[in-house]
Amino acid sequence: MRPSDKFIRLASGSRLLFGTTRTSRLVSFSALFLAICAFGAVAVAPMAPDAADLPVKKITQQLALPQLDQQVEALEEAEQHFVSQEKVLRGDSLGALLIRLGVDDNDATNFIKSDPVARNVMQVKAGKSVRAQTNDEGELEWLQATLMANNDKPAHTILVSRDKDGKFIATDSTAKLERRVEMASGTISSSLFAATDEANIPDNISSQIVDMFSTNIDFASDLRKGDHFNVVYETFYQDGELLKTGRVLAGEFNNAGKLYQSVWFDESGADHGGYYTFDGKSLKKAFLKSPIEFTRISSGFSMRVHPISGLWKAHKGVDFAAVTGTPIRAAGDGVVDFSGTQNGYGNVVVLKHWNNYSTAYAHMSRFATGIHKGSKVNQGDIIGYVGSTGWATGPHLHYEFRINNEPRDPLTVNIPNAAPLAANEMAHFKNVAADMAHRFALLRPDPVLNSSMRLASR
């Protein structure tokens, strides 16, 4: 092929590649030029110098070091304070406790031993903490300890400190505790207390679980392996330390496929509430079997020869033998209908309860403070003390249980449950119950099991 033919063919191919018109050829050549530039940039980029080959310039600068002797002098001049916390050990002495707290102060030791408020520090139970602050000489600046009171009274804090003149003073004030609501679950393998121990539930809470469900479950014979329970309860902390457990707020127990539930409700807020089912029925019996703890029956509800008159007549109550001064408790919630002296009864209190029930307590040595006609009492409140006033041959309580003013044997009568919640209390109760139901839903391990469990009839 001749060169001229090759050129003509190349020109023809370029027309096909770059177009036949002048405009199309300009656009095509521009695109080709940009592509060549991009390719060249990619090819040239690796030609940049390696950073490791670049020259390194070392710069040295003299820095002034701080004067250590000046720092030490400043620390020595500054007043130091040290706060320590130690747990009281079993059999601990005041001296040993103060040494562990870093206290080296004879004046403080002597003050705590001699001051009637300050020496209560040594009543702190083993395992609980005491906090103290000292200066760098070991002199006590303040010491704080919290004591738990008995009979559900509030905890109180003992604070030993110095006044503006540097003299020690001791104060006793109600402790500020942080209330928490705890939730826990357990499964029965052998016993309830073994299950609560495994779940780290305090013994006090375990005992309350038994009390809550004892009317439905015999914990000695009714438990089955695999029974499951959930519980919501109070705890009280101070400075991050658990000081005490409170009340069980709600519980549920799945025993042999039956689900028992209970929730604490106290409309008054005066700690006179009780446990109810989730539909508002009280779990508490309306009346105690005995108004006196730890006693014996000296005379039952029956015909007998009266010990004073010698006549054969009906004994319309039950006599509980007890020493003079033994507290007598109200058998149920009610209002004082009579308080005074009444013939052979001597000092007697008559309580009027709901639904035509009433109870009488005779031969008292004295009445409790605040007991008078019209005063309101709650089950378990002390209303008087055992004596031998009236027709009595010795100290005892004569107890009568009446329905429509007719005496009944309190040991055999079918004791009803406490009165149900009033209509005006139900709205608040439903809110409390709904909150506890939500907590139980979070605790339940198996949603399928939840839907299959049936609520036990009360």
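Only a predicted model underlies this, so the values are computations on that prediction, with no experimental measurement involved.
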Side chain Lys125, main chain Arg90, donor-acceptor under 3.5 Å: no
Parallel, tilted or perpendicular, as decided by the 30° and 60° cut-offs, for the rings of Phe278 and Phe440: parallel
Asp172 CG to Leu147 CG distance, which is reported to the nearest 0.5 Å: 8.0 Å
Side-chain touch Thr341/Asn347, heavy atoms, less than 4.5 angstrom: yes
Arg224 (side chain) donor-acceptor with Ile188 (main chain) under 3.5 angstrom: no
Point-to-point distance, once rounded to the nearest 0.5 Å, from CG of Asp197 to CG of Asp203: 6.0 Å
Test ring-ring contact (aromatic ring centres under 6.0 Å, His included) applied to Phe253 and Phe219, step by step: CA-CA 11 Å; Phe253 208 108; Phe219 284 88; 5.6 Å; yes
Carboxylate-amine/guanidinium proximity below 4.0 Å for Arg402 and Asp337: no
Nearest atoms (heavy-atom pairs only) where Asp239 meets Gln144: OD2-NE2, 3.7 Å
Pairwise side-chain contact, Tyr357 with Ile403, heavy-atom cut-off 4.5 Å (strictly under): yes
Pair Thr359-Tyr361, side-chain donor/acceptor within less than 3.5 Å: yes
Given Arg247, Arg179, Lys244, the one that forms side chain to side chain donor-acceptor pair (under 3.5 Å) with Glu234: Arg179
Pairwise side-chain contact, Val83 with Arg131, heavy-atom cut-off 4.5 Å (strictly under): yes
Test item: His396 side-chain N/O and Ala322 main-chain N/O as donor-acceptor pair under 3.5 Å: no
Residues Glu178, Arg180: salt bridge by 4.0 Å N-O rule: yes
From CG (Asp163) to CZ (Phe168), nearest 0.5 Å: 10.0 Å
Leu283 and Met212, any side-chain heavy atoms less than 4.5 Å apart: no
Closest approach of Ala118 to Ile158 (non-hydrogen atoms, all atoms of both residues): CA-CG2, 4.3 Å
Check: Ile328 and Val386 side chains under 4.5 Å, non-hydrogen atoms: yes
Aromatic plane relationship, His363 with Tyr345 - under 30° parallel, 30 to 60° tilted, over 60° perpendicular: tilted
Short side-chain to backbone donor-acceptor contact, Ser375 and Ile371, under 3.5 Å: no
Cation-pi check, Arg408 onto Phe401 ring (under 6.0 Å, within 45° of axis): no
Sidechain-backbone polar pair: Ser161 side chain, Trp142 backbone, donor-acceptor under 3.5 Å: no
Derivation of the side-chain contact (heavy atoms from CB on, under 4.5 Å) call for Leu98 and Leu143: CA-CA 10 Å; Leu98 293 179; Leu143 182 145; 3.7 Å; yes
Straight-line distance of Asn405 CG to Ser358 OG, nearest 0.5 Å: 5.5 Å
From Phe265 atom CZ to Glu425 atom CD, the distance as rounded to the nearest 0.5 Å: 5.5 Å
Glu137 backbone acceptor or donor facing Asn135 side chain under 3.5 Å: yes
Distance-only polar pair, side chains of Asn230 and His228, donor-acceptor under 3.5 Å: yes
Side chain to side chain, Thr196 and Ile205, heavy atoms closer than 4.5 Å: no
Minimum-distance pair of heavy atoms, taken over all atoms of Leu242 and Phe236: CD1-O, 3.7 Å
Rounded distance (nearest 0.5 Å) linking atom CZ of Phe229 with atom CG of Asn255: 12.5 Å
Side-chain donor or acceptor of Arg162 paired with backbone N/O of Leu140 under 3.5 Å: yes
Residues Arg119, Asp115: salt bridge by 4.0 Å N-O rule: no
Check: Ile383 and Met364 side chains under 4.5 Å, non-hydrogen atoms: yes
Gln261 side-chain N/O to Ala250 backbone N/O, donor-acceptor pair under 3.5 Å: no
Side-chain donor or acceptor of Glu241 paired with backbone N/O of Ser129 under 3.5 Å: yes
Main-chain N/O of Thr146 paired to Thr157 side chain as donor or acceptor, under 3.5 Å: no
